[in-house]
Amino acid sequence: MSKILTTESGAPVADNQNSAQAGIGGPLLIQDQQLIEKLARFNRERIPERIVHARGSGAHGYFEVTDDVTPFTRAAFLNTVGKRTDVFLRFSTVAGNLGAADAVRDPRGFALKFYTEDGNYDLVGNNTPVFFIKDPIKFPDFIHSQKRDPFTGMGEADNVWDYWSYSPESLHQITWLFGDRGIPASYRHMNGYGSHTYQWVAEDGSAYWVKYHFKTNQGIRSLDAQQAAELAGQDPDSHQRDLHQAIERGIFPSWTVYVQLMPVNEAADYRFNPFDLTKVWPHADYPLQRVGRLVLNRNPENVFAEVEQAAFSPNNFVPGIGPSPDKMLQGRLFAYADAHRYRLGVNHTQLAINAPKATEANNYGRDGYSAVNAGGRAKNYEPNSYDGPRQTDAALAAPTAVAGWTGTHSAAQHAKDDDFFQAGELFRLMSDAEQERLIANLAGSIGSVTRDDVVERVLPFFHAADADYGKRLEAAVKAIRNNDES
Ligand code: HEM
């Protein structure tokens with residue numbers, strides 16, 4: 001038998017189809033609690049969308065350790081082969097607003113929350129191992145250039161390439177984005193990366209710089225520009241549909257998880273700055289070591305509660321894992337929880353999707369809007385004489401040596417650091433056909449830029465990466481632009 005319909009305070013509702021009126025055909029009555037509450041509630045259904053990565057899909061699952069990594073980290077959830085930890089993963093596109101089409105050329109977010117016994121560990125990565133910029137102070141400008149123009153209200157190729165023409169360090173990620181992997185066929189058919197360098201610390205105190213790789217067991221599948229344009233028009237929710245339906249049918253997507261590990265004392269002399277987010281560590285230098293398996297096996301019951309309200313913060317670490325001095329990461333350590341306090345409120349950590357599951361949160365943070373776990377009668381200060389929660393005195397990660405003067409420094413240059421070498425390496429790795437598609441995609445986008453100075457500023461970057469890359473792209477861009485002029 002169905003339940004009785006009630007108001008929010010639990011009183012029975014007599015009529016959910018006809019508002020109360022002062023006589024047939026008369027005005028409505030303010031005493032109609034169901035009408036007033038229903039309309040007012042409806043007006044408040046939307047919360048601010050994420051400033052980036054607004055459009056996304058999520059699923060629950062688990063992470064299982066398959067290989068012993070205890071020599072490298074003392075993270076409890078990684079300490080035993082066969083151990084499983086519950087996870088929630090949210091995939092996303094970056095630039096589109098809530099409701100934007102999924103099948104677009106854009107990086108994909110790969111945000112993972114491990115509900116560990118030492119608290120939640122959030123690894124907030126992308127499907128790309130690198131990023132466009134390497135200093136967080138540039139992030140708002142970069143994102144503005146990619147989103148809608150304040151005057152035209154549209155995304156503008158002029159803005160996109162104008163910004164990039166002043167940002168040569170973006171070329172590696174641009175080459176990645178306009179290549180085949182720039183439009184994944186679905187969230188199941190792409191890899192995930194932690195992207196940044198993080199720190200692992202073992203029980204004996206030995207420390208490593210670490211990069212995470214999640215390799216899809218479904219195989220990489222991508223869409224070309226034409227296929228994506230058609231799909232985005234026919235089914236804007238294509239990624240959401242694919243993920244949701246696969247899991248409903250019991251086809252559980254999985255990823256094999258690897259790390260690259262660099263002993264901390266090798267960082268200073270490595271040929272690339274290991275904390276530069278626009279660079280990878282070639283596998284020949286630091287090979288992939290398998291750690292475990294990630295499986296998604298349960299759809300959210302309620303998309304708003306679990307996906308829209310999910311809050312991932314790169315600053316949610318657990319003992320044995322810590323940050324690196326990567327400037328971008330350092331900026332992100334601030335930005336996310338700040339965004340959550342704005343978007344979801346100060347008590348967002350008490351929402352079921354964000355609260356720890358395998359342990360409980362015990363601290364002296366109190367009150368604020370919508371406090372659910374108000375701390376009961378326990379004392380709200382520390383230290384106290386009432387057996388309240390105490391600090392452990394055990395360092396979470398290893399200390400990092402620093403030296404020098406405060407100042408607005410650019411990233412430290414290592415022997416092989418330039419903005420173009422790794423972009424050229426990526427280009428040279430591609431098959432002829434892939435290079436053709438990359439150049440056609442880039443030319444299509446750069447070819448639609450209206451300002452000559454922007455085009456002239458950006459083309460030399462491609463020449464600097466690889467002579468063939470530059471020559472072919474320049475010819476393709478000129479052909480489009482000359483055609484447009486004639
Ligand atoms: C300094 C650079 C960056 C800043 C300031 C920044 C800031 C933000 C902010 C404010 C959000 C919205 C958070 C929310 O409302 O819940 C967000 C979302 C996200 N960012 Fe970043 N971001 C940066 C770089 C990156 C990088 C390098 C990556 C990947 C390697 C990344 C991956 C993500 C993902 C996956 C999400 C969506 C998380 C979710 O699914 O809820 N971001 N970012």
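First listed ligand is number 1; within each ligand, the first listed atom is number 1.
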What residue and heavy atom of the protein are closest to [atom], and at what distance?
atom	value
atom 27 (C) of ligand 1	Leu277 CD2, 3.5 Å
atom 19 (C) of ligand 1	His53 CD2, 3.2 Å
atom 14 (C) of ligand 1	Arg343 NE, 3.4 Å
atom 38 (C) of ligand 1	Ala111 CB, 3.9 Å
atom 25 (C) of ligand 1	Arg332 NE, 3.2 Å
atom 11 (C) of ligand 1	Val52 CG2, 3.6 Å
atom 35 (C) of ligand 1	Gly125 O, 3.2 Å

I'd like to know if [X] and [Y] make a salt bridge, using a cut-off of under 4.0 Å between side-chain N and carboxylate O.
X	Y	answer
Arg437	Asp224	no
Arg55	Asp237	yes
Asp466	Arg428	yes
Lys279	Asp276	yes

Plane angle bin for [Y] and [X] - parallel if under 30°, tilted between 30 and 60°, otherwise perpendicular:
X	Y	value
Trp164	Phe178	perpendicular
Phe72	Tyr208	perpendicular
Phe427	Tyr469	parallel

Atom indices of ligand 1 within 4.0 angstrom of [X] heavy atoms, with elements:
X	value
Gly109	35 (C)
Ala335	5 (C)
Ile51	10 (C)
Ser195	30 (C)
Pro136	1 (C)

Do any N/O atoms on [X] end up under 3.5 angstrom from N/O atoms on ligand 1?
X	answer
His340	yes
Arg90	yes
Arg50	yes

*Ring centre gap for Phe110 and Phe214 strictly below 6.0 Å*: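 Yes, close enough.
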Look at [atom] and find which of [options] reaches it with the closest heavy atom.
atom	options	result
atom 20 (N) of ligand 1	Phe110, Tyr336, Phe91	Tyr336
atom 6 (C) of ligand 1	Tyr342, Phe139, Tyr193, Phe312	Phe139
atom 29 (C) of ligand 1	Asp326, Ile133, Asn126	Asn126

- prompt: Where the side chain of Gln260 meets the backbone of Tyr286, is there a donor-acceptor pair that is under 3.5 Å apart?
  reply: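 Present.
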- So, Ser324 side chain and Thr197 main chain: donor-acceptor pair closer than 3.5 Å or not?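 Here the side-chain-to-backbone pair exists.
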Any idea which heavy atoms bring Phe272 and Asp417 closest together, and the distance?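 Minimum heavy-atom contact is CA-OD1, 3.5 Å.
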